[in-house]
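The residues of the chain are indexed from 1 along the displayed sequence.
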Amino acid sequence: MRLNGVLTAGLVLLLGLGSGAATSAAAATLPAAPTPSPTATQSSPTPTPTAAAGENNDPPNEAAVAEQSVTVLASTNFQLPFPCGQAWAGNSSASSAHRAYEIDFNRGGSADADLGDTVIAAAAGTVVISSHQGSTNGYGNLVKIDHGGGWTSFYAHLNSRSVSAGAKVSQGQKIGTVGKTSKPGNNISAHLHYEVRQGEGYPGNIRKAVFNGSTFGYPTQTLTSKNKCGGTNPHTAQSVCGSGYTVVDSAALGTAGTVYLLYNNANGNNCVATIKKTSLGTATATTAYLEVQGKTRVTDSGNFTYYAGPVRAAAAGKCVKWGGKAGSSAYNSPFEHCG
């Protein structure tokens, strides 16, 4: 059995918009837009959406970006704006405030389950807005990142902001936390409002979001983040086996992973989990097994993205064999850890 990231349905709620007069266009004129990748075409909505009377959802930048200081990114370079391995449900249709391809993200099952969850940059760039928009619009705490070539991303309703205007950020860097900030009197539940824009002219400049090279499955889709998955597995043996388990032994599986044997003193159960170190986020052959002396071996084997297991069995006063495989390396123990 496995739970590679939380897959609970998200709760998408209404985003309130301000009614003040429209502000001026962005202070820093963006460079000409690049030709989109043929694998993920970014086309304008049809028919082209129009701003409602009184909308003020194109706030001016707070920092300028020198064209030569940013790297032009193709639309396919964006990743989900959440830590590696987390699953989030996105919805573009449930909010009357949406004009085109904006997405509201949740993963918890209750109104404020996601409050305070980490939000990370979908792509590298320069922060051009980091402020509370107050009564100007319904964005609340907003971070806007300029990615070069006319591409920008918006992260709204944040509970907190971790970056300042003018700061350079890398893909996967924390920029804030999920919140429910908005204009005064707007009572919304915690979620992340995310959008990608190309050039100027709200709302016609809103583009379809692309994550890991694939266009979001509008109007709703649940995705698992691959943002910065190349370096560290977000799962540990303890998190896989659960509360009360402690590691009693482990064996390296070359450079591909490590298999762990854990024990829970409270219930007398052993647990085995194989945690991958390479090919993270990609389904590859991975195995974990546990055999209590005198009983049938229990195995979890398949093509998994982050780990195999947990495999649990009651083993108080018994010897166990345990092991696993990742990549081309395997480990098989003798009967041991008796008692």
Side-chain angles (χ1 to χ4, degrees), residues 1-9 82-88 107-109 113 117-118 222-339:
M1 59 185 292
R2 73 186 0 66
L3 184 60
N4 280 3
V6 179
L7 295 174
T8 52
F82 302 105
C84 173
Q86 292 185 358
W88 288 78
R107 66 169 179 162
D117 281 5
T118 296
T222 297
L223 295 170
T224 299
S225 177
K226 298 183 184 301
N227 201 331
K228 302 299 287 185
C229 286
T232 304
N233 193 321
H235 305 280
T236 65
Q238 289 92 333
S239 67
V240 170
C241 286
S243 177
Y245 284 90
T246 57
V247 174
V248 295
D249 207 345
S250 65
L253 302 173
T255 60
T258 303
V259 59
Y260 295 88
L261 175 68
L262 299 87
Y263 186 71
N264 189 320
N265 283 311
N267 57 25
N269 287 351
N270 276 115
C271 178
V272 175
T274 298
I275 308 298
K276 293 173 56 177
K277 289 184 177 179
T278 60
S279 300
L280 299 178
T282 301
T284 59
T286 315
T287 301
Y289 74 84
L290 174 62
E291 180 181 343
V292 180
Q293 196 165 27
K295 296 186 178 181
T296 302
R297 176 177 295 189
V298 181
T299 302
D300 185 27
S301 181
N303 292 319
F304 302 133
T305 54
Y306 293 102
Y307 59 83
V311 180
R312 303 185 186 93
K318 301 286 187 178
C319 301
V320 296
K321 280 185 179 180
W322 60 283
K325 182 177 181 180
S328 60
S329 298
Y331 174 76
N332 300 284
S333 82
F335 278 115
E336 59 183 3
H337 296 291
C338 308

Handout entry: Pair Asn270-Tyr245, side-chain donor/acceptor within less than 3.5 Å
Key = no
Exercise for the section: Would you tell me whether Lys276 and Thr284 have side-chain atoms, one donor and one acceptor, within less than 3.5 Å of each other? Expected result: yes
Practice task
Please find out if less than 6.0 Å separates the ring center of Trp322 from that of Tyr331.
Solution key: yes
Problem - Contacts of type side-chain contact (heavy atoms from CB on, under 4.5 Å), residue Ala273, not counting sequence neighbours - result: Val240, Cys241, Ile275
Fill in the blank from the handout: Across all chains, not counting sequence neighbours, the side-chain contact (heavy atoms from CB on, under 4.5 Å) partners of Gln238 are Thr236, Val247, Leu262
Problem - Backbone N/O of Cys84 and side chain of Asn227: donor-acceptor pair under 3.5 Å - result: no
Practice task
Keeping the roles fixed (side chain from Lys321, backbone from Val292), state whether a donor-acceptor pair exists under 3.5 Å.
Solution key: no
Student check: side-chain heavy atoms of [X] and [Y] closer than 4.5 Å:
{"X": "His337", "Y": "Asp249", "value": "yes"}
{"X": "Phe304", "Y": "Thr274", "value": "no"}
{"X": "Tyr306", "Y": "Leu280", "value": "yes"}
{"X": "Lys226", "Y": "Thr282", "value": "no"}

Fill in the blank from the handout: Between the OG1 atom in Thr278 and the CG atom in Leu253, the distance rounded to the nearest 0.5 Å is 10.0 Å
